[in-house]
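Basis for what follows: all heavy atoms, side chains included, without hydrogens, waters or symmetry-related copies.
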Amino acid sequence: MPKRINDTGLRRQRILKSARKVFLEKGFHGATIDDIAIEEGVVRGTILHYYKSKKLLMEAVLEEDDREWEPFVTDLVNRHEVAVRDRIDKIFALCEACFANEREEMGALFEEKEEVRFFRDQIRLKNYYRQTKGLAALLKEGAAAGEFTIENPELQAASAMFAVFGITGTDISEEELRIQLQVVKEQLLHACK
C-alpha cells in the first residue's frame with residue numbers, strides 16, 4: 001500500500017489519475033469506487049472522502065482532462081509578438097490535436113455515448129465560454145492592430161467556437177475533423193476583412 005499522503009491536492013490528483021485509468025479500462029458503468037480504490041491503493045472511504053460519488057469523480061476526471069489544454073490556449077492568446085492570424089491558426093491546430101487525442105485516449109468511455117456525452121458536454125460548455133472569450137480578445141487585438149476589420153468580434157468568436165465544439169462532439173473521422181475545423185477557420189478569417 002502506498003505511503004499516506006497528507007497533501008490534499010496531491011491525493012486528489014492521484015485519485016483522478018487512478019479513476020481515469022479505471023474508467024478507460026472498464027467504462028463508467030463497469031467501473032466501481034472499489035476498483036478505483038484498489039488502483040489507487042487506498043480504501044473506498046478515501047475515494048469517497050474526496051469525491052462523494054462516482055458521477056462526481058467522473059466529472060472531475062473530465063474537467064481535469066479539459067484543463068490540461070487551457071494553458072496552451074491562454075499562452076497563444078497572450079503572445080502579442082505573433083501575428084493574430086498566426087495565433088488563430090495555432091489555436092485551431094491545438095483544437096484539432098486536443099480532440100483527436102481525446103478520442104484516442106477515451107476510447108472505452110466514448111462507447112457509452114449518452115451518459116458520458118452529458119458529462120463531456122457540461123465540461124465542454126465551460127470551455128466554450130473560456131475559448132470564446134480568448135478568441136474574441138484575439139479578434140479585437142487584430143482589429144486594433146489593423147490586421148483586419150471585424151464588426152462584432154464577440155459574435156464571430158462565439159459563432160466559430162460553437163461550430164468547433166459542435167464538430168468535435170460528433171462521431172467523425174480524424175481526417176473529417178481536420179477538414180471541418182479548416183472550414184470553420186476559413187469562414188472566421190473570411191469574416192475578418
Quick check for you: to the nearest 0.5 Å, what is the distance between [X] atom [atom1] and [Y] atom [atom2]?
| X | Y | atom1 | atom2 | value |
| --- | --- | --- | --- | --- |
| K90 | D86 | NZ | CG | 6.5 Å |
| K185 | Q182 | NZ | CD | 4.0 Å |
| E186 | L189 | CD | CG | 8.0 Å |
| I36 | Y51 | CD1 | OH | 10.5 Å |
| T132 | E154 | OG1 | CD | 10.5 Å |
| E59 | L57 | CD | CG | 10.0 Å |

Going only through I, L, V, M, F, W and Y residues with side-chain contacts under 4.5 Å, is there a path from [X] to [Y]?
| X | Y | value |
| --- | --- | --- |
| L138 | Y129 | yes |
| F92 | F148 | yes |
| F165 | L155 | no |
| I91 | F162 | yes |

Ion pair check, [X] and [Y], cut-off under 4.0 Å:
| X | Y | value |
| --- | --- | --- |
| R178 | E176 | no |
| K17 | E39 | no |
| R85 | E147 | no |

Checklist line | Residue pair D34, I47: steps toward the side chain to side chain contact (heavy atoms under 4.5 Å, CB included) verdict | finding: CA-CA 9 Å; D34 289 329; I47 304 296; over 6 Å; no

Next item on the list: Take R79 and E81, measure what side chain to side chain contact (heavy atoms under 4.5 Å, CB included) needs, and give me the verdict at the end.
Entry: CA-CA 6 Å; R79 295 188 69 206; E81 71 279 4; 3.4 Å; yes

Of all heavy-atom pairs between [X] and [Y], which one has the smallest distance, and what is that distance?
| X | Y | result |
| --- | --- | --- |
| I33 | S53 | CD1-C, 4.3 Å |
| V184 | A160 | CG1-O, 3.6 Å |
| A191 | I150 | O-CG1, 4.3 Å |
| R87 | L76 | CD-O, 2.7 Å |
| V42 | R11 | CG1-NH1, 3.6 Å |
| A31 | V22 | CB-CG1, 3.6 Å |

Next item on the list: Apply the test side chain to side chain contact (heavy atoms under 4.5 Å, CB included) to residues T149 and C192: give CA-CA distance (whole Å), side-chain angles for both, the deciding distance (0.1 Å), then the verdict.
Entry: CA-CA 6 Å; T149 304; C192 303; over 6 Å; no

Hey, does [Y] have a side-chain heavy atom less than 4.5 Å from the side chain of [X]?
| X | Y | answer |
| --- | --- | --- |
| E40 | T46 | no |
| V183 | I167 | no |
| Q131 | L135 | no |
| T32 | K54 | no |

Donor-acceptor check, side chain of [X] to backbone of [Y], threshold 3.5 angstrom: yes or no?
| X | Y | result |
| --- | --- | --- |
| S18 | R14 | yes |
| R44 | A37 | no |
| D75 | F72 | no |

Item checked: NE2 (H80) with more than 12 external heavy atoms under 6.0 Å -> yes

